[in-house]
Amino acid sequence: MTASPSTLRLRRPDDWHLHLRDGELMAFVLPYTSAVYARAIVMPNLAPPVTTLEAAEAYRRRILDALPAGHDFTPLMTCYLNESVTAQTLEEGHARGLLTAAKLYPANATTNSAHGVRDVKAIYPLFEVMQRIGMPLLIHGEVTDAAVDIFDREKVFIDAVLEDIRRQFPELKVVFEHITTAEAAQYVLEGSETLAATVTPQHLAHNRNDMLVGGIRPHLYCLPILKRGSHQQALRDAVASGHPRFFLGTDSAPHLAHTKETACGCAGVFNAPHALEVYATVFEAIGALDRFEAFCAENGPRFYGLPLNEGTLELERRPCDVPETIACGEEHLVPFRAGETLPWRLRRD
Ligand SMILES: NC(=O)N[C@@H](CC(=O)O)C(=O)O
Ligand SMILES: [Zn+2]
Ligand SMILES: [Zn+2]
């Protein structure tokens, strides 16, 4: 590959961490993802959360029914773990191909996680089953103790919770989702082949100064919260290394603008419209364009044990203007990088 190519052709990517929401908002945001990605791991933190096969099947059907004509997209469904979920649900859902993975949210760690897990050890019997059947465990890795500083919650989670899960269930596939710290990157780099991580475009492109210096930018507020620049650099180093167990997961998490631009704003970045262009910009900035396709389209399916996608897409070196806002019915959404011009543009035929 030349040092500064004018186009990037890559295998069609997948998004291994996505919030599609439900109802009208889901129908509105879905095409941004389904136009680009062949598959996405669909997060189950609806209200109420997806904890049964009936709920997962009905949600999957609603997503498929909302797909625009001509979009070739497969939603990979997940189950929200808590004390109400049965081993039978996971086994049967996985055997039927309905449930690809299950998600651990520590109770109250993030948006719609009030029904999450209070005592992780109480669901160890479910991990036992998942390990046996080869069903990946996806983790929002933050402790929620009031005494732990918000900037330390991911780092503390590793020793307080994750390390014991890894020791007790070494063959359980674990995805440490949306990692934000040097400690998490290091933990995955040193881990066995059953441990992987997703990395978002916002955590690669930004640090907490971007969110807080010169005014507070609520559209960069997400969880886990952006960390200091040295952590951003560690994430960049991890993906630049080409390590096969780091892969694309946008964590696109739409919230209507008025719920973010308020005294107590929601956490979540709506990045589905231009996540791929931002990832490309970061990979170029760190001199890792030769690792870009594997990050987007190979490492994820290999970890999950799924086939690589067949099609390709192309990014062109042409200015791409991101709108300030995107109207959504009477409301609006503010996309990631609103009002900016990105150096890469996805070719949309
Ligand atoms: N990332 C976020 O800040 N928010 C996500 C939840 C999550 O992924 O933790 C959401 O559902 O809004
Ligand atoms: Zn999360
Ligand atoms: Zn998320």
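Order of appearance sets the numbers: ligands from 1, and atoms from 1 within every ligand.
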Within ligand 1, which atoms have a heavy atom of [X] less than 4.0 Å away?
X    : result
H140 : 9 (O)
C222 : 3 (O)
H178 : 8 (O), 9 (O)

- Out of R21, M43, H17, indicate the one that has the non-hydrogen atom closest to atom 10 (C) of ligand 1. R21
With only distance considered, is [X] within less than 3.5 Å of ligand 1 through an N or O on each side?
X    : answer
T111 : yes
A267 : yes
G268 : yes

Salt bridge or not between [X] and [Y]? Use side-chain N to carboxylate O under 4.0 Å.
X    : Y    : result
R317 : E284 : yes
D152 : K155 : yes
R166 : E163 : no
R153 : D149 : no

- Item | N/O/S atom of H178 inside 2.8 Å of the Zn ion (ligand 2), strictly under | yes
Among all protein non-hydrogen atoms, which one is nearest to [atom], and what is the separation to 0.1 Å?
atom                   : result
atom 1 (N) of ligand 1 : D251 OD2, 2.7 Å
atom 5 (C) of ligand 1 : H19 NE2, 3.6 Å
atom 7 (C) of ligand 1 : T110 OG1, 3.3 Å
atom 3 (O) of ligand 1 : L223 N, 2.7 Å

Atom [atom1] of [X] with >12 non-hydrogen neighbours under 6.0 angstrom:
X    : atom1 : answer
E314 : CD    : yes
R217 : CZ    : yes
I150 : CD1   : yes

- Message: Tell me whether N45 reaches ligand 1 (any heavy atom closer than 4.0 angstrom to a ligand atom).
- Response: yes
- Ring-face cation of R245 near F303 (centre distance under 6.0 Å, axis angle within 45°): no
- Message: Is the contact between E177 and ligand 1 made by the side chain, the backbone, both, or neither, using heavy atoms and a 4.0 Å cut-off?
- Response: neither
- Item | Minimum-distance atom from the Zn ion (ligand 3) among N, O or S atoms of H19 | NE2
- By atom name, which N, O or S atom belonging to D251 lies closest to the Zn ion (ligand 3)? OD1
- Item | side-chain contact (heavy atoms from CB on, under 4.5 Å) assessment of I41 paired with T100 | CA-CA 8 Å; I41 286 280; T100 300; 3.9 Å; yes
- Message: So, of the N/O/S atoms that H140 has, which is the nearest one to the Zn ion (ligand 2)?
- Response: ND1
- Item | Ring geometry between H206 and F336 (parallel below 30°, tilted from 30 to 60°, perpendicular above 60°) | perpendicular
- Task: Assess whether salt bridge (charged side-chain N to carboxylate O under 4.0 Å, His left out) is satisfied between E91 and R132, documenting all intermediate values.
- Result: CA-CA 10 Å; E91 278 208 75; R132 175 164 50 77; 3.4 Å; yes
